[in-house]
Structures are given as structure tokens and as C-alpha cells.
Amino acid sequence: MELSKNFDHRSAEEKWYRHWLEKKYFESNPDNREPYTIVMPPPNVTGILHMGHCLNNTIQDILIRRARTLGKNACWVPGTDHASIATEAKVVQMLREKGIQKASLSREEFLKYAWEWKEKYGGIILEQLKKLGCSADWSRTTFTMDDHYYQSVIDVFIDLYNKGYIYRGKRMINWDPKAKTALSDEEVIRKEVQSKLYYVKYFIDNNSGTGNEFITIATVRPETILGDTAIAVHPADERYKHLHGKFAFVPLINRRIPIITDEYVEMDFGTGALKITPAHDKNDYQIGQKHGLKVIDVLNDDGTMSEAALLYVGEDRFAVRKKIVKNLEENGFIEKIENYTNQVGFSERTDVVIEDRLSLQWWVDMKKIYSPALQAVLENEIKFYPAKFKNLYRNWMENIKDWCISRQLWWGQRIPAWYDEEGRFVVAKNEEEAKKIFQAQYSIANAQLKQDDDVLDTWFSSWLWPIEVFKGYSNPNNKDINYYYPTNTLVTAPEIIFFWVARMIMAGFEYKKQKPFGEVYFTGIVRDELGRKMSKQLGNSPDLLALIDKYGADAVRFGIMISSPAGNDLLFDVKEESTLKQGSFFINKIWNALKLVKMWSEKRSADISNQSAIFAVDWFENRLNEVKEELENLYTDFRLSEALKTIYSLIWDDFCSWYLEWIKPGFDEKIDSVVYEKTIGFFEELMQLLHPFMPFVTEEIYHQLKERKQGNDLIVAQISKAAIANKSFLAQAAFLKNAITAIRDARNKNQLKPKDTIALFIQTSQKEIFKNLQNILVKQVNADKFDFVDSAVANSITVVAGKEKFYLVTNKETDSTAQKNQLEKDLEYLNGFLASIEKKLSNERFVKNAKPEIVQAEQKKKADAEAKIKAIKESLKELENK
RNA sequence: GGGAGCUUAGCUCAGCUGGUUCAGAGCAUCUGCCUUACAAGCAGAGGGUCACUGGUUCGACUCCAGUAGCUCCCACCA
């Protein structure tokens, strides 16, 4: 069949992905081979593909495909996360658009809508990953709310509760007034914002009501004044000593509050006087506890003012801030207002300002379970790439705080706690169990019990991921979990090191007594060409599916991988799409090489006569081995970007630019069939090396190169072990390339056109080597005559490459000053080089202290430099004589 | 406030255990080519006091200290 002019990515991607699926190449089952396992970080079930997923999953696919070619039993488990806050928010939004308020629905009705939504839109992202070429075992797709998974999460909760690791407690939590739920500390993002610092006067009670004396406090949140229950000053602060034990009045509402002393107060910040609002600030709460202050919660759960605020009831907190400032000003309570920059917490999911709020929630006592997880990383039982994340991890683990795991949502695993009317509770699998336990515990039969309304934090389910995707918790010691666990590599973003990675390690040790994975590869953050993080808000994330359609999945994968060094951020030029273009140019290049080689299949001859071609084959074989070894090291260190660059250069430079040109038969010539077969073999190996990065085009070319038997597909073809490269072939080729480049340069500098032929003469002491290479040399520099000489050739252009001298004779006018300049420049460099070596060698301390092999190397450098200098000097002399 | 990291060609980055045939790659730039695989290409070229200042060493882009700038993470100064 005639080869198409270009690679058609659309049809090839369709064809091969379907073929791979049909052949079940992605599916894995336990067998005698060594497993290589990756669990995919589950994307949000309602998510759509963005750059981060693309990077992440391309890397995983590369590792999985590489493992497959190395003969391992590669298993990549995909799935999705129920993502309670994000998904619930989307469903609420969808309902609102339909005119339905969540509040008007029962829990069951709401969940019905949510499941419908999940069935409809859930898993779109997995389909998109297929377009990218991901070779995950789709038959193992798991969802964090699958029955077995849901039940495992519940059982884990019960287990931890029974061990005393989970408790229920009233604490200050982070409250998201939009999602109306508690958040863990990790879900709060601190941002620097421009605020105002308001200096507010509180008049002192002079025992007969308000006097003229006042104390000024500074606050950025004047609306919380309404919840103030004290003013605190530092006990040693001379300015306020006379006020100790006195009372002041809260402006506008005239609540009488005590002036207390506490060393927590910084004397030199603001006025040195601090208003205490125990209901709305973590620190104030602590001080309040200490001093037995009242807690007045002035906010509702949606961020509006509560009845307790007395003023502005029902109005939004930010509107109230403006109003109360105006009101305070009008009544003379504001002393001054300053601009002020401070850190404010925002919700990771809804991006609204978080409120500190006192609330009864469920917590995991992290101190009880973190220790083996810390050890494992510190002792490199689990290796982090790049290693710098070890410190980060350690720091967080050593200062770990309890984990708030309850969320005031419906979408998720419902907390298995049951309460009676008096608030007494038990934790149990179901109502029946709960009743039994309740009876045993409180000696009350047939109590009316009601289940907790809240669900668990999503991460409380995803921390079981590496275990429960193999049903390792719900069905312990099954064949899969025993075979695949611990998994090999986790590929994830550094942003979720605490959310997820750390907690998975804890769960792994708690429930499998073993680490969940051996190595963690943290990818970089994808940024745009201006260095901004790609995000939905900025709208700077490109439409990946459109890019895949335009450039092909291979080019997209290339574009992402070529610009992402391990652990560094990745700058992805969306505007120019430059790396994508580079990727599709590369595909085009390989395709053209295929066309060239295919053309030769008609020109084969059994006659092995071309020594130069044989040399080229020997060289390339060794070069290939050299690169294969390099690649092994690069993969071990997860330096995938460099691995791709190495393969890219091997194919483009070594194979296309040098090798194919060297063996290319002339116009009417034939190609030795041995050389031809070898070349097809090389091409195959190159495709194999490239396959993990660019699976589609490589599979297509693999099949174009030769007729393949059923089941002989590149995706499962085994890579042969690298042999040790023969250095002498490599050195000879380097020397040959060097000579060719020098001669071509000389041709250019003398304004010879590519079509102009030359006569080439070589003055060398290594004639034997050149006899082997002469066909290549002559063709590559467009010479029509070639010979060896023992002295300079008259009227020629002299080129000195290494110790050899080349003379180019042409009928064109040549400019000897250019040559002279070039030679003089080289000479100058070499003289400087030689001088530095001589200086070094004449330094006694160097000769005495340096390693012998280094000294030897320096001596060789010296000899080489001297030989070159001699050759150049001779040539310069000859030029003078002309 | 604490911690980590970065600073090498116009841009994006390599440079692992210190030794001027390692100062490199890709893109961009310049020159010449529509050569029968590829102009989405070919052949060549130019371009860097390796942030700054000291120190260790026979020798430092590479190790150490400090300075400056940038980035990220953690942290309850209102």
C-alpha cells in the first residue's frame, strides 16, 4: 500500500487505541511476572481534563508503557473521586438553575439528583484520558463511592473510633459560609489582601456610666465588635496599668465588657489593646476560655449577622463592615483608619473568605497514627523525587494537627454515628447495631436514634485508594492486593502532599502494615507563558481536546514532556503552542524517514560491497547501545524530559542526519540487503524507545516497517538489553563527523554553493581508517575526486580537523585570508588551552595531589593540543608561501 | 516570623560524586540552499566575567559563608 504523505494522527489514534483495547493489552492480572503498579490519582468525578491532568497522566502512561516493554506486569488503576464539596456545589448550582432550592429537598431526594448527575457527567474525564492515549486498565476503574469502597470508609471510621483515634469535639474550625461546611486547615488558602485597620474607641466605665476616658483598639474586622466580650492588654504595658480591672463599653450596643490582661497581646502592634471576640477568632477563643469570657456568635452559617449581633441582623458580613464603619464614624468612635496588608483565609473550593467558628465536629487524632508514615519517608523506605519534598513533608508531619473530617454536606460517606434526643451517641455500622450498642452503653432499650447528618471529608476516603482499589480493606488478602500492593510509583502534584500523599502513607501503615508505594514522583505546576499558574479562574488553561485534535495526542504528549524537567514547574506556551509544533514537526520527520527507508525496499541487493555503509551500521549499533544505557539511568531518576530529549536527538541527529545520509544509496545505486535489514531493525528499536512518549505514531510506523504477525504489536514488544558500546566506533564516527563539519564550514566560508563539487585531498597518518570512510566523506562534502597526499596541495583551501589536514580544490575563486583568520583563531585558542595545561602540569602540587588518572588525562590533552598546533602552524606556513 | 529552592546564551532549561577538548541543549537569530524522505526541511555560523563578594583547594559554574533579587511552603500579631 502506498504510504500517505503525512502521518494522519486522527485515524491512527482511533485505530490503534481500539486495537489495543481489543487485544486487552492494558488489562493486568496477577501472574508470575514482576508487577509494576501505579494507582492513578483519581480526578474529581465531574472534572474535565486540564493541563495538570495531562501532565500527570502522560507521565504515568510513560512509566507504565516503559514497564510493559521491560516485561513487567504493568497495572495502572484508574478511577474517580466523589469530591464532596466540589460535586455538591455543582449539583446545587444545577438545581438552582432548574429553580430548585437544596433546602426544599430531603437528603434522599438530593442524593437522587446527585447520582443522576454523576451518572450523566461522571467519568467524562476518563474518556478524555483515553484520547490522550492513556493505557490504564479500565476494567479496574474505581469510584470512591462504589459500594465496597463506601463501606470500607465507614468501617475505617468505626475502627479508628473504637481504637480511640477519632473523637467528637467542639473546637474553632474553618467555616465556609458559601458551602456552609467546616473545612480542614489544608482546605484554607491564605492570601494577602489590602485591608483597612480601624482604630476604634471604647469608652471606659467610670462607675457612673460612660465617661470621657476611652481605650482605643485596632481591628480589621469592625463588624465583629458586636461580639466582643473583653478588651485585653499586656500586663506589663505601662500605658494601660491604670485600667486593669476596669470595664469599657462596646460601641453602638453599649455592652459592658471587662479589661483583662494577657501576655498574648503584643504591646507594639496597633495600640497595644486588643478586642476579644471569642466566637470569631481562634486566639480570642483561647483567651476567652482562659478568662472565662462569654462567647457571642454574631454570624449565621451563611455569613449574615445573627440575632445575637443585635444590629444589622440578616445582613451580609461585608455589607455590615461598611455600614458599621460609617455608623461608628458618625458617632465619633473612629480615631483613625489606616491601610493595612494582611493574610486572609479563603476556601479552596468556593474561594470565599473563611470564618473562624466554634463548632462541634469529628476529628482524627493524628498524633496517634502519623509516626510510621514519617519514619518511612525519612528513612527512604518511600523515596521522594525530587528529594526536596522530604523536608516539607517532615516539617508538616512533625507539627501535625488534628484533622477535622466532618463536612456539613450530603454527598459523601455519611458519618456512622447515631444520637438520641439528649445528644448521647454511639458509632455503629447501621441503626440496628447502633441500637444494640446504645442499649449496652446507656442501658436504654429502643432509644429513638438519629444518624449524624454530616458526611466525611473526601480525603478520608481517598487515603484508602491504593488499598481499596484492590479491595484490600473490604476483602483482605485477596489475590490482587497481595500481588499489587505495595504499588510502585505514585505520580502526583506537590500541592496535595498533605491532603493525600501523607494520609495515604498513614492509612497504608495503619491498615496494611506496609507502605502504599515505593516512590513518589512530584510533578511540577503547569504555568502559562507569563509564569502564571494555570487555573480555571484565570482562564489560561488551553482546551486540551482541541489541541489533541489539531496536533495529535503524540504531539501534545511531546510538547508537555519536552518542557517539564523533573520537579520543576512547567512553562507551557499556550499562545504560540511552540512545543506542540515541535512535536508535530518531529512526527513529520520520523514519517519522512519511514518514507525514505520504505523506498529502499525495492533497491535491495545481496552484494555486500559498501564498506562505508557497514561502518555506519557498526557505528549506529553502538550508538544505540550507548543511548539505551543512558536512558536506563534517566528513567531511574525520573528525568523523563531528558530521556525524551535524548531520544529526540538520537532519532533526528544521529539516525536521520547522519546515519541515513551515510548509508543512503546514490541515484542509480542499490542498498546492501544486510544494511537494509539492519536499518529496519534500528528503526524498530528507535520506535520502541520512543513509544512510551509517543505511542500512536510509533505503533503505526512499527507496522509500516514490516508485515507483522497477529499479536506482534509495539506496545507489548520487549526491549532488548543494552549491550556494551564499543568506544572505538563511537570515536571514529565522532572524528568523521568533525571532519565533515569542518569541510562544510570551509565550503560555506568560501562561498561554494552546495552544488559546486570539489576535489578532496587528505594528508593523514591513518590512511587505513579513511579508506573505510571515504565513500561517506566524499558524498557528504560533495567531492567528485578524492586522494591521499603527503604534502600541501597548491591552490587549495586548507582545513585542519584534529591532526589531519584536508585540501579542497575548486575552480572557484577562494579567499585565503578567511582561512588564515580561521586558522589563527584556532591557533590562539589552542595556545591558550596548551598554556593552561602546561601551567597545571608544571605545578608540583597538582602533580603530587591530583589523582594519577587526571594527571594522565592532562598529559594526553597536552600531546593532542601540541599535535594540532603543529598541524595548524604547518598549514599557516603553507598559506604564507602561496 | 520560620523553612525550602532558584539566579548559566535573547527565551526555557541541562550541567550527577570539583580538573578549560563540558561552558551545553531546544527554541529564537544570522548566512547559504526548493539537493529526487522531509522548506513542518537541509548545511553552516554567531551568542554567556555560569547573580554579586569573600573563603576552602594545586584547581570552583560545580564545595562553604555572606549579600542582592525572585519563587514556593508553613505560621494565631489583631
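Proteins come first, then strands; the chains are lettered A, B, ... in the order of their sequence lines, and each starts at number 1. Note: hydrogens, waters and symmetry copies are ignored here, and every other heavy atom, side chains too, is used.
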Provide the distance between the two [atom1] atoms, one in [N] and one in [M], to the nearest whole Å.
N     : M     : atom1 : value
B:C72 : B:G10 : P     : 25 Å
B:A45 : B:G55 : C1'   : 41 Å
B:G24 : B:C70 : P     : 32 Å
B:G2  : B:C63 : C1'   : 26 Å
B:C61 : B:C13 : C1'   : 15 Å
B:G54 : B:C42 : P     : 47 Å
B:A43 : B:U49 : P     : 30 Å
B:G47 : B:G41 : P     : 25 Å

Can you give the dot-bracket line for RNA chain B, where a pair is Watson-Crick or G-U wobble with both atom distances under 3.5 Å, crossing pairs use [ ], and | marks a partner on another strand? (((((((..((((.....[....)))).(((((.......))))).....(((((..]....))))))))))))....

Looking only at the side chains, is there a donor atom on one of [X] and [Y] sitting less than 3.5 Å from an acceptor on the other?
X        : Y        : answer
A:Asn592 : A:Lys589 : no
A:Gln194 : A:Thr341 : yes
A:Asn174 : A:Asp185 : yes
A:Glu187 : A:Ser184 : yes

If the condition is salt bridge (Lys or Arg N to Asp or Glu O under 4.0 Å), which residues does A:Lys390 pass it with, not counting sequence neighbours?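 If we apply the salt bridge (Lys or Arg N to Asp or Glu O under 4.0 Å) test to A:Lys390, skipping adjacent residues, there are no hits.
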
Protein-nucleic acid N or O pairs under 3.5 Å, nucleotides 32-36 of chain B:
residue, atom, partner, partner atom, Å
B:G32, O3', A:Lys753, NZ, 3.1
B:C33, OP1, A:Lys753, NZ, 3.1

4.5 Å side-chain heavy-atom contact, A:Asp784 and A:Ile758: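 No, side chains not in contact.
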
Please examine the side chains of A:Leu274 and A:Val233, heavy atoms only from C-beta on, and report whether any two atoms are closer than 4.5 Å.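 No. Closest side-chain heavy atoms not under 4.5 Å.
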
What residues, two or more places apart in sequence or in another chain, satisfy side chain to side chain contact (heavy atoms under 4.5 Å, CB included) together with A:Ile337?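 If we apply the side chain to side chain contact (heavy atoms under 4.5 Å, CB included) test to A:Ile337, skipping adjacent residues, the hits are A:Lys196, A:Tyr198, A:Val325, A:Glu329, A:Ile334.
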
Given B:A37, is OP1 or OP2 found less than 4.0 Å from the side-chain N or O atoms of A:Lys589?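 For B:A37, neither OP1 nor OP2 has a side-chain N or O of A:Lys589 closer than 4.0 Å.
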
Does A:Ser641 have a side-chain nitrogen or oxygen under 4.0 Å from the phosphate oxygens OP1 or OP2 of B:C13?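 No, A:Ser641 has no side-chain N/O under 4.0 Å of OP1/OP2 on B:C13.
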
Pull out every protein N or O sitting under 3.5 Å from an N or O of nucleotides 57-59 of chain B, one pair per line with the distance.
residue, atom, partner, partner atom, Å
B:C58, O2', A:Asn843, ND2, 2.7

Using nucleotides 75-78 of chain B, report all nitrogen or oxygen pairs with the protein that are shorter than 3.5 Å.
residue, atom, partner, partner atom, Å
B:C76, O2', A:Asn283, ND2, 3.0
B:C76, N1, A:Asn283, OD1, 3.1
B:C76, O2, A:Tyr264, OH, 3.4
B:C76, O2, A:Asn283, OD1, 2.9
B:C76, O2, A:Asn283, ND2, 3.4
B:A78, OP2, A:Tyr340, OH, 2.5
B:A78, N6, A:Glu266, O, 2.9
B:A78, N6, A:Phe269, O, 3.0
B:A78, N1, A:Glu266, N, 3.4

For [X] and [N], give me the distance from atom [atom1] to atom [atom2], rounded to whole Å.
X        : N     : atom1 : atom2 : answer
A:Phe389 : B:C72 : CZ    : C1'   : 9 Å
A:Glu192 : B:C73 : CD    : P     : 13 Å
A:Lys749 : B:A43 : NZ    : C1'   : 13 Å
A:Gln859 : B:U20 : CD    : P     : 15 Å
A:Lys598 : B:C38 : NZ    : C1'   : 17 Å
A:Phe655 : B:A37 : CZ    : P     : 15 Å
A:Ile651 : B:G26 : CD1   : C1'   : 16 Å

Can you give one letter per nucleotide of nucleotides 2-12 of chain B, 5' to 3': B if a protein heavy atom sits under 4.0 Å from the base, S if only from the sugar-phosphate, - if neither? -----------

[X] near the nucleic acid: base, sugar-phosphate alone, or nothing, with a heavy-atom cut-off under 4.0 Å?
X        : value
A:Trp652 : sugar-phosphate
A:Glu495 : nothing
A:Ser649 : nothing

Whether the side chain of A:Glu661 and the base of B:A43 hold a donor-acceptor pair under 3.5 Å is what I'd like checked.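 Counting by modelled atom types and ignoring angles, no donor-acceptor contact under 3.5 Å is found here.
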
Looking at [Y] and [X], is there a salt bridge between them, counting it only when a charged N and a carboxylate O are closer than 4.0 Å?
X        : Y        : answer
A:Arg171 : A:Asp402 : yes
A:Arg321 : A:Glu223 : yes
A:Glu398 : A:Arg394 : yes

A:Thr679: which residues meet the side chain to side chain donor-acceptor pair (under 3.5 Å) condition with it, sequence neighbours left out?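 Result, side chain to side chain donor-acceptor pair (under 3.5 Å) vs A:Thr679: A:Tyr659.
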
[X] to [Y] - nearest heavy-atom pair and separation:
X        : Y        : answer
A:Gly345 : A:Val188 : CA-CG1, 3.7 Å
A:Asp281 : A:Asn283 : OD1-N, 2.8 Å
A:Glu348 : A:Ile189 : CG-CD1, 3.7 Å

Got a sec, which pairs hit salt bridge (charged side-chain N to carboxylate O under 4.0 Å, His left out) with one end in residues 259-274 of chain A, sequence neighbours left out?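 Salt bridge (charged side-chain N to carboxylate O under 4.0 Å, His left out) check on residues 259-274 of chain A returns A:Asp262-A:Lys290.
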
Could you note down all residue pairs passing salt bridge (charged side-chain N to carboxylate O under 4.0 Å, His left out) where residues 649-668 of chain A supplies at least one of them, sequence neighbours left out?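 Listed once each, the pairs are A:Arg623-A:Asp654, A:Asp654-A:Lys737, A:Glu661-A:Lys664.
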
Is the A:Tyr648-A:Phe558 ring centre distance short of 6.0 angstrom?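 Between A:Tyr648 and A:Phe558, the centre distance is under 6.0 Å.
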
Tell me if the centroids of the rings in A:Phe389 and A:Phe384 come within less than 6.0 Å of each other.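 Not close enough - the centres of the two rings lie 6.0 Å or further apart.
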
What's the closest nucleotide to the side chain of A:Glu642 if the choices are B:A37, B:C27, B:A14?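 Within the option list, the nearest is B:A14.
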
Of the nucleotides B:C13, B:A40, B:U21, which has the atom closest to the A:Ile837 side chain?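 Within the option list, the nearest is B:U21.
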
Considering only residues two or more places apart or on different chains, which pairs with a residue in residues 226-236 of chain A satisfy side chain to side chain donor-acceptor pair (under 3.5 Å)?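 For residues 226-236 of chain A, and leaving out neighbouring residues, the side chain to side chain donor-acceptor pair (under 3.5 Å) pairs sorted by first residue read A:Tyr202-A:Asp228, A:Asp228-A:Lys275, A:Asp228-A:Thr277.
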
By nearest heavy atom, map A:Leu596 and A:Ala865 onto RNA chain B; which one lands nearer the 5' end?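 Result: A:Ala865.
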
Just to be sure I understand the geometry, which residues of residues 730-747 of chain A put a non-hydrogen atom under 4.0 Å away from RNA chain B?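 By residue number: A:Thr741, A:Arg744, A:Asp745.
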
Indicate the ring-plane relationship of A:Phe498 and A:Trp396, choosing parallel, tilted or perpendicular according to the 30° and 60° boundaries.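 Judged by the thresholds at 30° and 60°, the geometry between A:Phe498 and A:Trp396 is parallel.
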
